[in-house]
S.K.: 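One structure coming up, written as structure tokens, with questions to follow.
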Amino acid sequence: MRWIFLAGTFLTAIPAIGRAQSTADARAELDRLLPEWRAAREAAADGERLRRRDAGATLVERGHLRVMADSAIVGRVASAAATASASLDRVFGTEAAMLTGYPLVALLHGVVQNGDSTHVIRVRRPEPLAGARPGAGRIGSQERVISLRDPHAVDGDLVRALEAAASLPLHAALDDDLRLWLRSALSATPQSQETLEGAYVDLATASTDISRRCLAGDVLGCRKALGLTPADDPVMEGYTAAQRRMVVQGNVALLRTPGRAAEFDRCVVDSEDTACIARLRELSIERLASSYSPTVLRRGFAHWAMAQGGAGAYSRLRASAGLPIAERFALAAGMPADSLVARWHGHLMTGRPTTPSIPPLTAVATLFWIGACGALSLRSSRWR
């Protein structure tokens with residue numbers, strides 16, 4: 001161990017220190033070595049704790065998923081892993097085989113929240129070891145935490161956590177163009193009706209030229225909203241005047257530079273749209289697109305397009321690197337790009353929230369009180 005080596009080195013050096021250094025020098029040398037020794041000792045203790053913990057863990061294998069789970073939750077993890085593995089196979093097809101080389105861990109932890117003790121399940125990918133496969137470090141190990149407070153939600157939350165964590169290596173393996181278009185890892189979790197409704201509402205309330213054209217069924221407008229075709233002028237097409245001011249105001253560090261502070265203030269303080277437009281010209285296209293082409297819209301489109309293509313859709317998407325993104329999704333879905341976008345628009349419109357109906361009891365009660373108020377008004381006299 002490193003701390004034993006350091007301690008031995010220090011003891012060997014004591015005679016030389018005594019001869020060549022003063023007591024103060026020797027103490028300074030000791031103070032320099034002690035932090036390293038303590039750090040090495042703590043690292044060794046941490047390693048020992050992990051080894052003891054692993055001894056009580058069980059490897060769960062479902063499909064291409066490998067999960068090291070605490071023995072107390074192994075049954076729950078196994079059930080969730082079976083569901084997550086089926087979703088991964090459905091979305092990513094044969095590419096999901098890559099996941100066998102990227103195991104996950106699901107550990108049970110005790111926590112204290114507002115003075116109450118509870119437990120959570122932490123799902124993550126272990127940090128890559130020294131000498132791990134090239135590129136493993138860039139995958140990330142974002143942790144997903146599942147609270148056990150609501151027993152009815154735990155299983156579903158655990159499935160989604162496994163699906164999300166497992167998708168990270170697949171995202172890292174993509175070419176730069178597709179990875180940047182997706183922005184974040186595409187999870188195997190199916191798009192819910194609630195998510196679809198949220199995407200529709202976001203587009204409907206954006207009130208930009210691009211969003212209005214897409215909602216009206218204009219294919220080019222939808223291509224721009226999805227980031228499949230670049231906007232001719234993102235600043236003008238992708239934002240309203242009020243939105244331009246808000247974006248400028250939210251990017252103080254980037255846009256209120258010493259030479260352009262007056263222009264920034266005319267935009268933010270005086271609501272001068274020409275100043276806002278000038279300031280937004282300084283932002284990159286991708287930063288501008290993050291607003292009028294939101295990630296939730298792109299992810300929903302990607303899920304839907306691959307579902308249209310069926311088996312092998314994700315493999316075709318990956319294999320078409322170098323082509324425009326719209327053409328790649330067309331190959332994955334097995335139809336022309338414009339037809340794909342037009343059909344996706346029809347799918348998006350199914351997310352339009354329905355007008356809530358009035359419950360029958362409420363309708364009857366309302367009619368009763370209207371009638372009662374009308375009868376009372378007829379009995380009253382304007383001379384009283």
S.K.: Check whether any side-chain N or O of Thr100 sits under 3.5 Å from a backbone N or O of Ala97 as a donor-acceptor pair, and report yes or no.
M.R.: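 Such a contact is found between Thr100 side chain and Ala97 backbone.
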
S.K.: In terms of hydrophobic clusters joined by side-chain contacts under 4.5 Å, are Leu220 and Ile325 together?
M.R.: no

S.K.: So with a 6.0 Å cut-off around CE of Met246, is the heavy-atom count from everything else above 12?
M.R.: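 It does not: Met246 CE has 12 such atoms or fewer within range.
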
S.K.: In Å and rounded to the nearest 0.5 Å, what is the OG to CG distance from Ser291 to Asp202?
M.R.: 10.0 Å

S.K.: Are Val120 and Ile146 side-chain neighbours, meaning at least one heavy-atom pair lies under 4.5 Å?
M.R.: no

S.K.: Are any of the side-chain heavy atoms of Leu348 and Phe301 separated by less than 4.5 Å?
M.R.: no

S.K.: For Glu272, which residues count as a salt bridge (Lys or Arg N to Asp or Glu O under 4.0 Å) partner, sequence neighbours excluded?
M.R.: Arg266

S.K.: Out of curiosity, Phe92 CZ to Met306 CE, how far, rounded to the nearest 0.5 Å?
M.R.: 6.0 Å

S.K.: May I ask you to decide whether Arg245 forms a salt bridge with Asp273, counting only side-chain N to carboxylate O separations under 4.0 Å?
M.R.: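 A salt bridge is absent here (no side-chain N lies under 4.0 Å from a carboxylate O).
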
S.K.: Who are the salt bridge (Lys or Arg N to Asp or Glu O under 4.0 Å) partners of Arg299, not counting sequence neighbours?
M.R.: none

S.K.: Group every Ile, Leu, Val, Met, Phe, Trp and Tyr by side-chain heavy-atom contacts under 4.5 Å, then state whether Val159 and Leu107 land in the same group.
M.R.: no

S.K.: Do you know the tightest heavy-atom contact between Pro169 and Arg125?
M.R.: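 Closest approach of Pro169 to Arg125, heavy atoms only: CG-CD, 4.5 Å.
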
S.K.: So with a 6.0 Å cut-off around CD of Gln193, is the heavy-atom count from everything else above 12?
M.R.: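 Check passes, neighbour count above 12.
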
S.K.: With rounding to the nearest 0.5 Å, note down the distance linking CD in Glu61 to CE in Met68.
M.R.: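 That separation rounds to 9.0 Å.
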
S.K.: Mind checking what makes salt bridge (Lys or Arg N to Asp or Glu O under 4.0 Å) contact with Asp233, not counting sequence neighbours?
M.R.: Arg281

S.K.: Please evaluate residues Ile121 and Leu148 with respect to the criterion side chain to side chain contact (heavy atoms under 4.5 Å, CB included), reporting the C-alpha separation (whole Å), side-chain torsions for both, the decisive distance (0.1 Å), and the verdict.
M.R.: CA-CA 8 Å; Ile121 301 174; Leu148 301 186; 3.9 Å; yes

S.K.: Determine the minimum heavy-atom distance between Ala199 and Leu297, stating which atoms define it.
M.R.: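 Answer, listing the atom of Ala199 first, then Leu297: CB-CD1, 3.9 Å.
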
S.K.: Quick check: does any side chain N or O of Asp150 sit under 3.5 Å from a backbone N or O of His152, one acting as donor and the other as acceptor?
M.R.: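 Yes, the answer is positive, given that a donor and an acceptor are paired below the 3.5 Å cut-off.
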
S.K.: Salt bridge check, Asp157 against Arg144: does any charged N sit closer than 4.0 Å to a carboxylate O?
M.R.: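 Looking at Asp157 together with Arg144, the answer is no, because their closest N to O distance does not fall below 4.0 Å.
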
S.K.: Please collect all salt bridge (charged side-chain N to carboxylate O under 4.0 Å, His left out) contacts where either partner lies in residues 328-349, sequence neighbours excluded, each pair once.
M.R.: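 Sorted pair list: Asp175-Arg328, Arg223-Asp338.
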
S.K.: What heavy-atom pair brings Glu95 and Ser315 nearest, and what distance separates the two atoms?
M.R.: OE2-OG, 3.0 Å

S.K.: Kindly indicate whether the side chain of Gln243, heavy atoms from C-beta on, has any atom under 4.5 Å from the side chain of Thr240.
M.R.: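 Gln243 reaches Thr240 side chain to side chain.
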
S.K.: Run the side chain to side chain contact (heavy atoms under 4.5 Å, CB included) test on Arg122 and Val111 for me, step by step, so that the C-alpha distance in whole Å, both residues' side-chain angles and the decisive distance to 0.1 Å come before the verdict.
M.R.: CA-CA 11 Å; Arg122 299 184 184 274; Val111 296; 3.9 Å; yes

S.K.: Between Ala333 and Leu340, which heavy-atom pair has the shortest distance, and what is it?
M.R.: CB-CD1, 3.6 Å

S.K.: Show every disulfide (SG to SG under 2.5 Å) that has at least one partner inside residues 290-352, sequence neighbours left out.
M.R.: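 Pairs touching residues 290-352 that pass the test: none.
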
S.K.: Between Glu263 and Arg260, is the closest basic N to carboxylate O distance under 4.0 Å?
M.R.: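 Yes, this pair counts.
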
S.K.: Where is the tightest heavy-atom contact between Ser192 and Thr195, given as atom of each residue plus distance?
M.R.: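 Looking at all heavy atoms of both residues, the closest pair is OG-OG1, 2.9 Å.
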
S.K.: Is there side-chain contact between Leu174 and Arg318, with at least one heavy-atom pair below 4.5 Å?
M.R.: yes

S.K.: How would you list all residue pairs meeting disulfide (SG to SG under 2.5 Å) that involve residues 273-342, not counting sequence neighbours?
M.R.: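 As it turns out, the disulfide (SG to SG under 2.5 Å) pairs with a partner in residues 273-342, which skip direct neighbours, are Cys267-Cys276.
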
S.K.: Test side chain to side chain contact (heavy atoms under 4.5 Å, CB included) on Arg66 and Val60 and set out the steps.
M.R.: CA-CA 6 Å; Arg66 304 289 182 271; Val60 174; over 6 Å; no

S.K.: Kindly indicate whether the side chain of Leu226, heavy atoms from C-beta on, has any atom under 4.5 Å from the side chain of Trp344.
M.R.: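 Yes, at least one pair of side-chain atoms sits under 4.5 Å.
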
S.K.: Whether the Arg183 and Thr295 side chains hold a donor-acceptor pair (N or O, under 3.5 Å, no angle test) is what I'd like checked.
M.R.: yes

S.K.: Can you tell me if Ser85 uses its side chain to pair, donor with acceptor, with the backbone of Arg62 under 3.5 Å?
M.R.: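 Present.
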
S.K.: Is any side-chain heavy atom of Thr208 closer than 4.5 Å to one of Glu237?
M.R.: no

S.K.: Go through Glu143 and Val145 one step at a time and tell me if the side chain to side chain contact (heavy atoms under 4.5 Å, CB included) criterion holds.
M.R.: CA-CA 6 Å; Glu143 186 175 74; Val145 180; 3.8 Å; yes

S.K.: Members other than Val252 in its cluster, when Ile, Leu, Val, Met, Phe, Trp, Tyr link by side-chain heavy atoms under 4.5 Å?
M.R.: Ile210, Val235, Met236, Tyr239, Val247, Val248, Leu254, Leu255, Phe264, Val268, Ile277, Leu280, Leu283, Leu288, Tyr292

S.K.: Taking ring-ring contact (aromatic ring centres under 6.0 Å, His included) as the definition, give me every residue that meets it alongside His347, ordered by chain and number, with sequence neighbours left out.
M.R.: Trp304

S.K.: Return the CG to CG distance between Leu170 and Leu88, rounded to the nearest 0.5 Å.
M.R.: 7.5 Å

S.K.: Starting from Leu331 and following side-chain heavy-atom contacts under 4.5 Å between hydrophobic residues (I, L, V, M, F, W, Y), which residues can be reached?
M.R.: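 Other cluster members: Leu323.
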
S.K.: Sort and list the pairs that fulfil disulfide (SG to SG under 2.5 Å) and have at least one residue in residues 144-207, not counting sequence neighbours.
M.R.: none

S.K.: Output every pair passing disulfide (SG to SG under 2.5 Å) with a member in residues 287-326, not counting sequence neighbours, ordered by first then second residue.
M.R.: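 Listed once each, the pairs would be none.
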
S.K.: Is there a path of hydrophobic side-chain contacts, each under 4.5 Å between heavy atoms, that joins Leu59 and Val105?
M.R.: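 Yes, Leu59 connects to Val105 through the hydrophobic network.
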
S.K.: For the residue pair Asp89 and His64, establish whether any side-chain heavy-atom pair is separated by less than 4.5 Å.
M.R.: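 Side-chain contact under 4.5 Å: yes.
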
S.K.: At their closest point, which heavy atom of Ala106 faces which heavy atom of Val123, and how far apart are they?
M.R.: CB-CG2, 4.2 Å

S.K.: For the residue pair Arg298 and Ser293, confirm or rule out a side-chain donor-acceptor distance under 3.5 Å.
M.R.: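 Yes.
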
S.K.: Give, for atom CG of Leu228 and atom CD of Glu327, the distance between the pair rounded to the nearest 0.5 Å.
M.R.: 10.0 Å

S.K.: With rounding to the nearest 0.5 Å, note down the distance linking CZ in Arg124 to CG in Leu168.
M.R.: 13.0 Å

S.K.: Taking the side chain as everything from C-beta on, heavy atoms only, tell me whether Arg279 gets closer than 4.5 Å to Asn251.
M.R.: no

S.K.: Give me each pair satisfying ring pair (Phe, Tyr, Trp, His ring centres under 6.0 Å) with a member in residues 176-216, each pair once, sequence neighbours excluded.
M.R.: Trp181-Phe329

S.K.: Output yes when a side-chain donor or acceptor of His119 lies under 3.5 Å from a complementary backbone atom of Leu108, and no otherwise.
M.R.: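 Here the side-chain-to-backbone pair does not exist.
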
